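Since the structure comes first, as structure tokens, the remarks are kept for the end.
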Amino acid sequence: HTHTHTAMSCELKNLFVYNPTFGTSEETEEEKLLFFYPSDVPLESKMNTIGLSEALIKYTQTFSPDQPCEVLHTQKTRQVFLNPEPDFWLSMTLNLPYHKKNKDGKVVFEYQEEDVQDGVLQSMLRQIYEMYKLFHGCMASVLDDFGRLVLMQRLESFFPKHLQSMDFANADILDSLYGIHFLPLDKQTYLRVQCFLNQCVDSFPQIQATAFLHNDHLVWSGLEQDDMRVLYKHIVNTLSTDSSATVLSTQVSMISSSGFDLKPLSPVSSFTAGQAGGGGTVTAAAATATTVAAAAAAAGGGGAGGGLGGVGGYYLTGPEDLDDDDSAINAPKLFVRLPDGSVGAHLIAYKCENSLCCFFVNGPSLMNLAFYRNLHDYISRELRHVDAIISEQSKQKAAGGSDMGCRFVYFNHMNLAQKSSFTNGPSRRTALLTPAAQVPPEILRHISDLHADFERTEGDCETYVKTSSDCWIVARKSEQRELFVVINQKSANLIDINDEMKKLSSQVFGNIFFVD
């Protein structure tokens with residue numbers, strides 16, 4: 001007689017950073033440890049965990065010097081390793097999900113090993129490191145410039161808060177691919193956006209690079225692709241707005257955890273963006289960044305600079321209140337490579353309707369309120385106009401599209417472009433489909449396995465899978481592009497599925513994905 005009692009999902013057990021070149025003697029051994037989560041673990045246990053990891057890596061290096069241990073499977077846990085910089089190691093361990101059952105009077109734990117996938121966890125660990133690097137720079141350079149203690153403080157200030165925002169239990173292929181959703185525009189509109197940004201740079205030489213997003217889709221970026229990928233994730237998951245005022249407190253904590261220097265702000269009463277220079281409800285992130293100014297605008301305020309409420313938009317990062325000469329200015333420094341070859345600039349994010357402009361600025365202007373007022377006055381009207389053109393074009397495209405009756409995810413390794421109908425938009429937090437339209441977890445796991453196969457395979461290939469639930473998965477790889485399609489037609493045969501693929505390719509991808 002078997003009766004299921006409880007089911008536990010996958011959860012983070014620990015994450016640590018160490019450098020094996022420190023603490024080479026027994027007395028100084030604990031100097032290797034740079035960060036350990038959770039912090040309340042006894043030091044002896046921390047050192048034992050690091051010692052075991054070091055031993056594993058040294059042992060596997062004898063067989064594979066260039067690619068030592070990457071993943072460790074045990075009955076109850078899964079551990080992944082990352083060596084992102086010489087001598088710096090990150091490791092993350094997750095407790096596997098399990099079912100607790102009562103079997104013949106005994107309690108039995110059944111661990112669901114297949115529910116946790118190596119590739120997804122490895123990708124997530126790399127993303128955690130890259131997000132840290134975006135806000136704090138390379139570990140080696142912090143160590144060289146400021147020493148070990150400052151490096152430990154920076155790791156401590158970033159990791160615990162960032163880890164709380166991560167959903168390991170529901171991580172899947174979309175987290176693993178970690179691509180950028182681009183917004184395709186006609187040539188004239190795209191050139192208009194580019195021209196607008198070029199004019200901003202010409203008029204304000206302090207701006208060293210720009211990026212432009214519309215509805216969480218990237219239109220233009222002057223950053224290197226790898227940097228934009230990390231920044232894009234931060235914008236969509238943290239900076240990007242949520243229409244519900246109830247997320248205000250989480251938005252503050254998430255922005256702070258990612259390196260923003262925000263003071264606690266009092267909750268805002270609901271007010272419309274029409275009063276504050278926009279249409280619809282002011283979103284939590286906007287309210288977070290500019291609470292004081294917003295309240296003033298709602299009450300009919302707005303001075304020389306227009307505050308939050310003039311024509312056009314508002315700053316998500318930058319000054320809290322354009323009308324207050326003593327306004328706090330929150331412009332986080334990001335370690336991105338700039339077009340002139342230097343690394344590091346401060347992010348000024350300006351939102352208008354559905355469009356977001358990112359300006360990367362260095363120099364004394366950063367703390368000069370006049371600079372922000374002038375920039376606001378210069379861009380607000382034109383940006384509103386550009387936003388209206390893009391919104392109209394997006395509406396027409398949406399009206400012309402039809403539901404395909406199948407779900408797909410597409411990824412291009414060359415430009416990191418990702419396109420998916422698994423969710424309604426790039427943000428996982430706000431854009432999940434209705435339960436009926438969602439892709440079941442086991443299908444997502446099959447797709448992760450197919451993606452892992454593709455990473456090990458040279459050249460173009462194609463795989464057809466029929467699952468136990470009579471669902472078809474088609475996976476195609478062509479010139480560094482990958483396409484995974486889920487077709488739920490139980491009575492279909494291979495010829496039917498192939499016809500569906502041709503229809504999808506012509507309707508959704510046009511000339512993007514060459515399948516035949």
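Just so we're clear, the structure is a prediction, and the values are computed from it rather than from any experiment.
Between Y232 and H234, a ring centre-to-centre spacing not shorter than 6.0 Å is recorded. Taking the centre of each ring, Y132 and F158 come in below the 6.0 Å mark. When ring centroids are compared, Y372 and Y315 come within the 6.0 Å threshold. Between Y410 and F484, the ring centre distance reaches or exceeds 6.0 Å.
Formation of a donor-acceptor pair under 3.5 Å by the S141 side chain with backbone atoms of C138 is found in this model. Put simply, the side chain of S420 never gets that close to the backbone of V409: no donor and acceptor are under 3.5 Å apart. Not a single donor-acceptor pair under 3.5 Å links the side chain of S342 to the backbone N or O of L338. At least one donor-acceptor pair under 3.5 Å links the side chain of D387 to the backbone N or O of S355. Judged purely by atom type and a 3.5 angstrom limit, S176 has no side-chain atom pairing as donor or acceptor with the backbone of D172. A donor-acceptor contact shorter than 3.5 Å links the side chain of N415 to the backbone of A417. Between the side chain of N412 and the backbone N or O of Q418, no donor-acceptor pair lies under 3.5 Å. No donor-acceptor pair under 3.5 Å is formed between the side chain of N354 and the backbone N or O of N215. Side-chain atoms of R229 come within 3.5 Å of backbone atoms of Y178 as a donor-acceptor pair (strictly under, hydrogens ignored). E353 contributes no side-chain N or O that, together with a main-chain N or O of H385, makes up a donor-acceptor pair within less than 3.5 Å.
The closest side-chain donor-acceptor pair between N170 and D167 falls under 3.5 angstrom. One side chain, Y129 or E85, offers a donor N or O that lies under 3.5 Å from an acceptor on the other.
In this structure, CG in L151 is found 6.0 Å from CG in L143, a value given to the nearest 0.5 Å. The distance from the CD1 atom of I487 to the CH2 atom of W472 is 9.0 Å, given to the nearest 0.5 Å. Distance OG/S221 to CD1/I180: 7.0 Å, rounded to 0.5 Å. The structure places NE2 of H376 at 11.0 Å from CG of L383, a figure rounded to the nearest 0.5 Å. For the atom pair SG (C357) and CZ (F196), the distance works out to 4.5 Å, reported to the nearest 0.5 Å. Between F454 atom CZ and S478 atom OG the span is 10.5 Å, to the nearest 0.5 Å.
You'll find the side chain of F88 reaches within 4.5 Å of the side chain of M139, heavy atoms only. Residues L185 and Q393 meet the side-chain proximity criterion, which asks for heavy atoms closer than 4.5 Å. For the pair R192 and Q188, the minimum side-chain heavy-atom distance is 4.5 Å or more. Using a 4.5 Å heavy-atom threshold, the side chains of V474 and T463 count as separate. Counting heavy atoms from C-beta on, the side chains of V485 and I497 never come closer than 4.5 Å. Counting heavy atoms from C-beta outward, T210 and F360 have side chains that stay 4.5 Å or more apart. The shortest side-chain heavy-atom distance between M92 and I128 falls under the 4.5 Å cut-off. Within the 4.5 Å cutoff, the side chain of V343 has no heavy atoms near those of the V336 side chain.
Around CD of E455, the count of heavy atoms belonging to other residues, nucleotides or ligands within 6.0 Å exceeds 12. Crowding of K133 atom NZ: a count of heavy atoms from other residues, nucleotides or ligands under 6.0 Å not exceeding 12.
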Does the side-chain contact (heavy atoms from CB on, under 4.5 Å) test come out yes or no for T317 and Y350, once each step is laid out? CA-CA 7 Å; T317 67; Y350 186 90; over 6 Å; no
List the steps, then state whether side-chain contact (heavy atoms from CB on, under 4.5 Å) holds for Q122 with L82. CA-CA 8 Å; Q122 286 175 288; L82 179 67; over 6 Å; no
Does the pair N362 and Q206 meet the rule for a side-chain hydrogen bond (donor to acceptor under 3.5 Å, both in side chains), with working shown? CA-CA 6 Å; N362 277 324; Q206 306 93 322; over 6 Å; no
Working note: I235 + L356, criterion side-chain contact (heavy atoms from CB on, under 4.5 Å); need CA distance, chi angles, decisive distance, verdict. CA-CA 10 Å; I235 287 170; L356 178 70; 3.6 Å; yes
The test is side-chain contact (heavy atoms from CB on, under 4.5 Å); show your working for F371 and I348 and say whether it passes. CA-CA 11 Å; F371 163 69; I348 296 165; 3.8 Å; yes
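Contact check on K477 versus D460 returns no salt bridge, with no Lys/Arg side-chain nitrogen under 4.0 Å from an Asp/Glu carboxylate oxygen. Salt bridge status for R373 with D325: present, with a side-chain N to carboxylate O gap under 4.0 Å.
A pairwise comparison of heavy atoms in S157 and H136 identifies OG-CE1, 3.9 Å as the closest pair. Minimum interatomic distance between F159 and L90 (heavy atoms only, all atoms of both residues): CZ-CD2, 4.3 Å. Nearest approach of L322 to L369, heavy atoms of both residues: O-CD2, 3.8 Å. The shortest heavy-atom contact between M124 and A171 is SD-CB, 3.3 Å. Scanning both residues, L15 and L125, for their nearest heavy atoms gives CD1-CD1, 4.0 Å. When all heavy atoms are compared, the tightest approach of P319 to S327 is C-OG, 3.9 Å.
For the salt bridge (charged side-chain N to carboxylate O under 4.0 Å, His left out) test, no residue two or more places apart in sequence or in another chain qualifies with R154. Under the side-chain contact (heavy atoms from CB on, under 4.5 Å) criterion, Q164 pairs with no residue at all, not counting sequence neighbours.
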